[in-house]
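Everything below concerns the one structure shown next.
Chain letters run A, B, ... following the sequence lines, proteins first, then strands; residues in each count from 1.
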Number of protein chains: 2
Amino acid sequence: MGRMDLEAIAARLRRHGVTPTSQRLKIASVLFSCMEHLSADQVMLAVNRRKPVASKATVYNTLNLFVKKGLIREVIIDPSKLLYDPRTDQHHHFYDIATGKLSDIDFSELPIHSLPALPHGTMLDGIDIVIRTRPATA
Amino acid sequence: MGRMDLEAIAARLRRHGVTPTSQRLKIASVLFSCMEHLSADQVMLAVNRRKPVASKATVYNTLNLFVKKGLIREVIIDPSKLLYDPRTDQHHHFYDIATGKLSDIDFSELPIHSLPALPHGTMLDGIDIVIRTRPATA
DNA sequence: TTCGTTGCAAACCCTTTGCACGCAC
DNA sequence: GTGCGTGCAAAGGGTTTGCAACGAA
C-alpha cells in the first residue's frame, strides 16, 4: 500500500475546508493510498498498525467529517456496518454476497439511458447501482 | 390498511415452507396488506397496535425467517435500520434523502440495457438500483 | 411426548456523545 | 487565552441470542 505524498493530501484536505492535522492526514493517507472500501474498524486498524495514532472516536469523527466535506463517500451495502469509498466520482459497485467484497464499476461501463419520472416535488440527488454477484458454481 | 384474507396468507406461508402460526400470520398480514417498506420497529408497532400479539424477539425472528424463505426482501438503504419489502419481484427504489421515504420503481420503467463484465469467478445474483431524490427547491 | 415457537432479558456490535485535556494561533 | 481537535469511557439504538415456558400434533 503505497503512501501518497503527505503534502498533496494536506492540500486536498484544505481544498475541502478541512484543517490537516496529523491524525486526519494519516487517516486520509490510508483511505487514498489503499483505494479500497474500508470500514471504520479497518481504518482504525490500518492507522494504528505501527503505533497508536488516533482513537476510535477520532476515526469516527474524522470519517464523518470527510463525508460531510465531500472527501469520501459512505457506502451502504453491508447491513452490519458502513463502508467508506475514497472515490467520489459517479461510479457503481459489484458486491459479492458470499465474500462481502466490493469492487468498482466505472460510470461509463454502466450508462443509464433513461430515468423514470421522479416523484412529484422531488429532484434527482444521485443514483446508486449495486450488482450483486456470487461465486460461480464450479 | 385492508386486511388480506388470512387463509390466502396461510397458503402463501406454507408454499414457502413456513408453518403458519398466529403471530406469523399477523406479521405477514401487516406486511402484505400495507405493501410499504417497514422497519422491524414499525412492524412491531403495527402488529401490537390493538393488543399484544408478538414480542420483539418474535418479530425479528419472523422477519428473518420470511427473508430466508423468500417471502420478503431486506432493503439496505438507511444505515440506521433495515427495511423489509413485501415485493420480491425485480424492482428498484426511489429514496428521498430528506424524508427517508422509499417508493417503488417497476422493473419495466428502468430497464438495464447492458451489464459490465462480471468479476472473474462470479455470477449474477441481482441488481439493486436506488435513485436518491430530495425535495425540489421551491 | 416431542419438537418447533414464543417471550423476556441480556448480550452484542457499530456508532455517537459528553466531557476534560491539550495544542495551535 | 480562545477555540478547535483529540481521547477515553459511557451511552445509544437496532438486532441477535440463551434459555425457559408454552402449545400443537
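Side-chain contact check for A/Phe32 versus A/Leu71: some heavy-atom pair is nearer than 4.5 Å.
Considering only side-chain atoms of B/Leu82, the nucleotide from D/dT15, D/dT6, D/dT16 that sits closest is D/dT15. Checked against C/dT15, D/dT17, C/dT6, the side chain of B/Thr21 finds its nearest nucleotide in C/dT6. Comparing atom distances between the A/Asn64 side chain and each of C/dA9, D/dT15, C/dT16 picks out C/dT16 as nearest. Among the nucleotides C/dT15, D/dT6, D/dT15, the one closest to any side-chain atom of A/Arg24 is D/dT6. The B/Ala54 side chain lies nearest to C/dG7 when the options are C/dG7, C/dT17, D/dT6.
Among the heavy atoms of the strands, none lies under 4.0 Å from B/Asp41. Within 4.0 Å (heavy atoms only), A/Thr19 reaches sugar-phosphate atoms of the nucleic acid but no base atom. Using a 4.0 Å heavy-atom criterion, one finds that B/Val18 contacts no nucleic acid atom at all. Contact annotation for A/Val53: backbone-only contact, meaning every heavy-atom pair under 4.0 Å involves sugar-phosphate atoms and none involves a base.
Between B/Leu65 atom CG and C/dT6 atom P there is a gap of 9 Å when expressed in whole angstrom units. Rounded to a whole Å, the CG atom of B/Asp78 is 14 Å from the P atom of D/dG13. Between B/Ile76 atom CD1 and D/dG14 atom P there is a gap of 17 Å when expressed in whole angstrom units. Distance B/Met44 CE to D/dT15 P: 13 Å, rounded to the nearest Å. Following rounding to the nearest Å, A/Leu25 (CG) and D/dT6 (C1') show an atom-to-atom distance of 15 Å. Rounded to an integer number of Å, the gap from B/Lys56 NZ to C/dC12 C1' is 13 Å. The nearest whole Å value for the distance from the CD atom in A/Gln42 to the P atom in C/dC14 is 11 Å. In this structure, NZ of A/Lys81 is placed 12 Å from P of C/dC13, rounded to the nearest angstrom.
Within the structure, a side-chain polar atom (N or O) of B/Tyr60 is placed less than 4.0 Å from OP1 or OP2 of D/dT15. When the side-chain nitrogen and oxygen atoms of B/Asn61 are compared with OP1 and OP2 of D/dT16, none of them lie within a distance under 4.0 Å. Put simply, B/Ser55 has a side-chain N or O that comes within less than 4.0 Å of OP1 or OP2 on C/dG7.
Between atom NZ of residue A/Lys26 and atom OG1 of residue A/Thr58 there is a gap of 15.0 Å, rounded to the nearest 0.5 Å.
A donor-acceptor contact under 3.5 angstrom links the side chains of B/Asp78 and B/Ser80, judged on distance only. Side-chain contact, A/Asp85 with A/His91: a donor N or O sits under 3.5 Å from an acceptor N or O.
Judged by distance alone, with hydrogens and angles left aside, the side-chain atoms of A/Asp128 form no donor-acceptor pair with the main-chain N or O of B/Ile129 at under 3.5 Å.
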